[in-house]
Amino acid sequence: MNKICQILSIQYPIIQGGMAWVADAYLASAVSNAGGLGLIAGGNAPKEIIKKEIDKCRELTDKPFGVNVMLLSPYVDEIMELIIEEKIEVITTGAGNPAKYIDRLKKVGTKIIPVVPSIALAQRMEKLGADAVIVEGTEAGGHIGELTTMVLTPQVVDSVSIPVICAGGIADGRGVAAAFALGAKGVQVGTRFICSKECNIHENYKNMVLKSKDRDAIVTGRSTGHPVRTLKNKLAKDVLNMEKEGYPTEEINKRAIGSLRIATVDGDVNEGSFMAGQIASIIKDIKPCKEIIETMVCEAKHIMPTIEL
Ligand code: TUI
C-alpha cells in the first residue's frame, strides 16, 4: 500500500494545497470526499474563523481532512492550540519552521507534514518526528523557495527516510507520474483545485487561471525577502516597479495589503493578488474535485503502470 495513503488513511496520495482565502471547508471536504486529503487553510485568519470551518468540514465529510498552518500568521499560536483541542488528524505547515509545535501535536496524534524548501530543513523535520515532508518547488504559487521541483524532489528523497510529497508544477497525471519517477510517494496540488467546481472564490480568479499563458505566473517580493508567485496584473507590475525603484519594504507591503482577499472575494482583476503556480496555463476547464483527482490518477497509471497510487 502507498505509504502516504497508509499514514493518512486516504484512498489517493493527492494532497490539496493550503491556499489562504481559497481552501475553505467546502473545498477541503470535496477533496477528502473524492479520496484525496483536503485541508482548510489557516492563512492569516484567527482561531474562531478556522474553528467554524473545521465544524463545517466535519458536517460535510466523514473522511480525514487537515488544516494548513501558515507560520507567518500573527495567529499561529492560537491556531496550533485549536488544532490540538480539536485533535485534527493532520496538518501541513508553510512559510517557516514548525519545530516548536511538533511535540504537543504528536501527543494528541496529529500527523505533521511540513513544507520544506531544502534538504537541511527536511532532515531537521524528520529528526523531530514529522510524518512526511512536502517539497515545494519554486514553480508553485504563493510564497516560494529557490529550488525547482525537479531538483529538490530527488535530493530530499535521498536525504530522508520519511515519505516525500512533491509539489509545485503538478496539475495533471503527467505531473503525478513525474513526481513518482523522482521518488515522491505523493503529490500536493494547489492551482488545479482553484479551477474546481467546489472552489468558492470569485469567478474572475478562476478565469484569470484559465486564461493564463506560460509566462504569466511571475514572482514579486524577491527584494523584500518574501517572494510570492502571482499571475501578472496591475498590482504585480506596480509592486515589481516599486522594488526596482528601491521603495522601502513597508511601502511595498502597504501597496499589497489585503490583496489576496481583493482577488478571492472581490475578484478585482487589477488590484487583487492572484496567487497561482507556473503550471496554471495548462488548466483549461473547471471540473468537480472528484473528476480532477480521478483523471489525474487514471492518466498517471496509463503513463506509469507500476505507479503506487
Ligand atoms: O507557504 C507556502 N505558500 C504560501 S504562504 C502564503 S501567505 C504569504 N503571503 C505573503 C508573504 C508570505 C506568505 C502564500 N503562499 N508554501 C509553502 C512554503 N513554505 N513555501 C516555502 C516555504 C518555506 C520557506 C522557508 C518553508 C520553510 C522555510 O523555512 C525557513 C526556516 O525558518 O528554516
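Both ligands and their constituent atoms are indexed starting at 1 by order of listing. Keep in mind it's a predicted model, so treat the numbers as computed, not measured.
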Q. Would a distance-only check, ignoring hydrogens and angles, find a side-chain to backbone donor-acceptor pair under 3.5 Å from D24 to L27?
A. yes

Q: Determine the sole option in T93, I91, V69, L128 for which the side chain to side chain contact (heavy atoms under 4.5 Å, CB included) test with P98 is passed.
A: T93

Q) What do we get for V228 next to ligand 1 when only non-hydrogen atoms under 4.0 Å count, side chain, backbone, both or neither? A) side chain

Q: Number the atoms of ligand 1 from 1 as they appear, then name those within less than 4.0 Å of a heavy atom of G142, with their elements.
A: 14 (C), 15 (N)

Q | Neighbour count >12 (heavy atoms, 6.0 Å) for atom NZ, K197 | A | no

(Q) Give me the nearest non-hydrogen protein atom to atom 19 (N) of ligand 1 as residue plus atom name, then the distance to 0.1 Å. (A) A95 N, 2.9 Å

(Q) Quick test of your reading of the model: are E243 and R255 salt-bridged, counting only N-O distances below 4.0 Å? (A) no

Q. Which protein non-hydrogen atom lies closest to atom 30 (C) of ligand 1, naming both residue and atom, and how far is it?
A. G96 CA, 4.4 Å

Q: Around atom 18 (C) of ligand 1, find the nearest protein heavy atom and jot down its residue, atom name and distance.
A: V115 CG1, 3.4 Å

Q. What is the closest protein heavy atom to atom 31 (C) of ligand 1, and at what distance does it sit?
A. N97 CB, 4.2 Å

Q) At a non-hydrogen distance cut-off of under 4.0 Å, which region of L72 contacts ligand 1 (side chain, backbone, both, or neither)? A) side chain

(Q) For atom 5 (S) of ligand 1, tell me which residue out of H143, E136, M19 has the closest non-hydrogen atom. (A) H143

(Q) Looking only at side-chain N and O atoms, does Q188 offer a donor or acceptor that is under 3.5 Å from a partner on Q16? (A) no

Q. Is the closest basic N to carboxylate O distance between K290 and E294 below 4.0 Å?
A. yes

Q.
Quick test: of every protein heavy atom, which one is nearest to atom 9 (N) of ligand 1, and how far off is it to 0.1 Å?
A. M275 CE, 4.2 Å

Q) Counting only N and O atoms by type, is there a donor-acceptor contact under 3.5 Å from the side chain of T92 to the main-chain atoms of I113? A) no

Q) Closest non-hydrogen protein atom to atom 7 (S) of ligand 1, residue and atom name please, with distance? A) M70 CE, 3.7 Å

Q) Does atom CD of E146 have more than 12 heavy-atom neighbours, drawn from other residues, nucleotides or ligands, at distances under 6.0 Å? A) no

(Q) Among all the protein's non-hydrogen atoms, which is closest to atom 29 (O) of ligand 1, and how far away is it? (A) L121 CD2, 3.5 Å

Q | Option of least heavy-atom distance to atom 24 (C) of ligand 1 (set: G225, A99, P117, A20) | A | P117

Q: Determine yes or no for a side-chain-to-main-chain donor-acceptor pair under 3.5 angstrom, with E86 supplying the side chain and I54 the backbone.
A: no

Q | Atom indices of ligand 1, in the order listed, that fall short of 4.0 Å to a heavy atom of G94 | A | 1 (O), 17 (C), 19 (N)

